[in-house]
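The basis for the numbers below is simple: all heavy atoms, side chains too, and nothing from hydrogens, waters or symmetry mates.
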Amino acid sequence: MRTLVNALRLIAVIAIVAAIVAQFLRSVESPVYNFFNFFGYFTIQSNVFVALAFALTLIAAARRKRGQVGLSVFRGAATVYIATTGIVYNTLLVNATLDQSFTVQWSNDVLHKIIPVYAVLDWLLFSDRAKLLLRHVWWFLVYPAVWLVVILVRGATDGWVPYPFLDPAQGYGVVALYCLGVAVFIALMGILVVGMSRLRLVKV
């Protein structure tokens, strides 16, 4: 079972890297390409978190280290972020008016649909993680809070925002409501992820 689980995680890492590289190479062709804008998307960053979490988990497995709390917190955070990416995209953004002319469709599907589903199932099913505590949810909120601050500052200064619901042209009251909604969702997802960490559905 451990060999199968590790193989699945390795495939996920490869898929994430391939999808990001493919989209990056396509985006470079855009006349409005900007390196910092590309990597400013929560989608890209959350997938990088997942790839790093799985890669570190594979290294720990090779060293026969299991259930490390620090690594489990990092994996839990990555799970929360990628679940947020999947749900927000497929509810708020999938039908939004976005420029799709430089989108690589298979890459888009991998980053917004396949990896979010797999990462959540990986966390839910496989037992090789420590039991987390509710206080760890606060750690899950640090990165999204920093990301939102950076994006809001950029929106107010150079006018770039990665997603329509963060556009200051809507009014900061509307943007604040969206931010609050996302923050509450991330906190609730964090609580759910902590609860999942206590399950042992498939022993690895």
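- Residue Arg198 qualifies as enclosed at atom CZ: its count of foreign heavy atoms under 6.0 Å is above 12.
- Cluster annotation: Val80 is connected to Trp138 through the hydrophobic network of ILVMFWY side chains, with a link wherever side-chain heavy atoms come within less than 4.5 Å.
- Gln45 and Tyr81 are not linked by any side-chain donor-acceptor pair at a separation below 3.5 angstrom, with hydrogens and angles left out of the test.
- Looking at Asn34, its side chain does come within 3.5 Å of a backbone N or O of Asn37 through a donor-acceptor pair.
- A side-chain donor-acceptor contact under 3.5 Å links Asn90 to the backbone of Gly86.
- Here the two rings, on Tyr41 and Trp160, have centers that are under 6.0 Å apart.
- Under the 4.5 Å side-chain heavy-atom criterion for Ile, Leu, Val, Met, Phe, Trp and Tyr, Phe49 and Leu58 are members of distinct hydrophobic clusters.
- Linking ILVMFWY side-chain heavy atoms closer than 4.5 Å, directly or via other members, places Trp106 and Val28 in a single hydrophobic cluster.
- A side-chain contact (heavy atoms from CB on, under 4.5 Å) with Val204 holds for exactly one of Val5, Asn6, Leu4; it is Val5.
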Pair Ile115, Ser46 - check side chain to side chain contact (heavy atoms under 4.5 Å, CB included), show working. CA-CA 10 Å; Ile115 293 301; Ser46 61; over 6 Å; no
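- Distance check, rounded to the nearest 0.5 Å: CE of Met196 to CG of Leu132 gives 12.0 Å.
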Between Val175 and Asp167, is the side chain to side chain contact (heavy atoms under 4.5 Å, CB included) condition met? List the steps. CA-CA 7 Å; Val175 173; Asp167 190 347; 5.8 Å; no
For a side chain to side chain contact (heavy atoms under 4.5 Å, CB included) check, start with the C-alpha distance between Tyr118 and Leu8, then their side-chain angles and the critical distance, and finish with the verdict. CA-CA 9 Å; Tyr118 174 74; Leu8 289 173; 3.3 Å; yes
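- With hydrogens and angles ignored, the 3.5 Å screen pairs no side-chain donor or acceptor of Arg75 with any backbone N or O of Phe54.
- Going from atom CG of Leu134 over to atom CD1 of Ile191 covers 6.0 Å, rounded to the nearest 0.5 Å.
- Hydrophobic clustering (side-chain heavy atoms under 4.5 Å, transitive across Ile, Leu, Val, Met, Phe, Trp, Tyr) keeps Ile20 apart from Ile14.
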Under the side chain to side chain contact (heavy atoms under 4.5 Å, CB included) criterion, do Trp123 and Leu199 qualify, and how do the steps go? CA-CA 10 Å; Trp123 181 263; Leu199 299 176; over 6 Å; no
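- Proximity of a side-chain donor or acceptor of Ser197 to a complementary backbone N or O of Lys131 within less than 3.5 Å is not detected.
- From Arg9, atom CZ reaches atom OG1 of Thr57 across 5.5 Å, with rounding to the nearest 0.5 Å.
- Annotation: Tyr143 is in aromatic contact with Phe42 [ring centroid separation under 6.0 Å].
- Between the side chain of His136 and the main chain of Leu133, a donor-acceptor pair closer than 3.5 Å is present.
- Between Phe165 and Tyr178, the ring planes lie tilted relative to each other; the angle falls in the 30° to 60° range.
- Going from atom CG of Leu52 over to atom CD1 of Ile16 covers 9.0 Å, rounded to the nearest 0.5 Å.
- Here Phe24 contributes atom CZ and Ser107 contributes atom OG; the two are 12.5 Å apart, rounded to the nearest 0.5 Å.
- Between Asp128 and Arg200 there is no salt bridge, since no side-chain nitrogen of the basic residue lies less than 4.0 Å from a carboxylate oxygen of the acidic one.
- Below 30°, between 30° and 60°, or above 60°: for His112 and Tyr89 the angle between ring planes is below 30°, a parallel geometry.
- For Gln68 (side chain) and Arg129 (main-chain N/O), no donor-acceptor pair under 3.5 Å exists by modelled atom type.
- Judged by distance alone, the side chains of Thr43 and Tyr163 do bring a donor and an acceptor atom under 3.5 Å apart.
- Under a 3.5 Å cut-off, the side chain of Thr79 and the backbone N or O of Val120 do not form any donor-acceptor pair.
- When atom types are taken as modelled, the side chain of Thr103 and the backbone of Gln105 share no donor-acceptor pair closer than 3.5 angstrom.
- Atom CD1 of Ile82 and atom CG of Leu111 lie 7.5 Å apart (nearest 0.5 Å).
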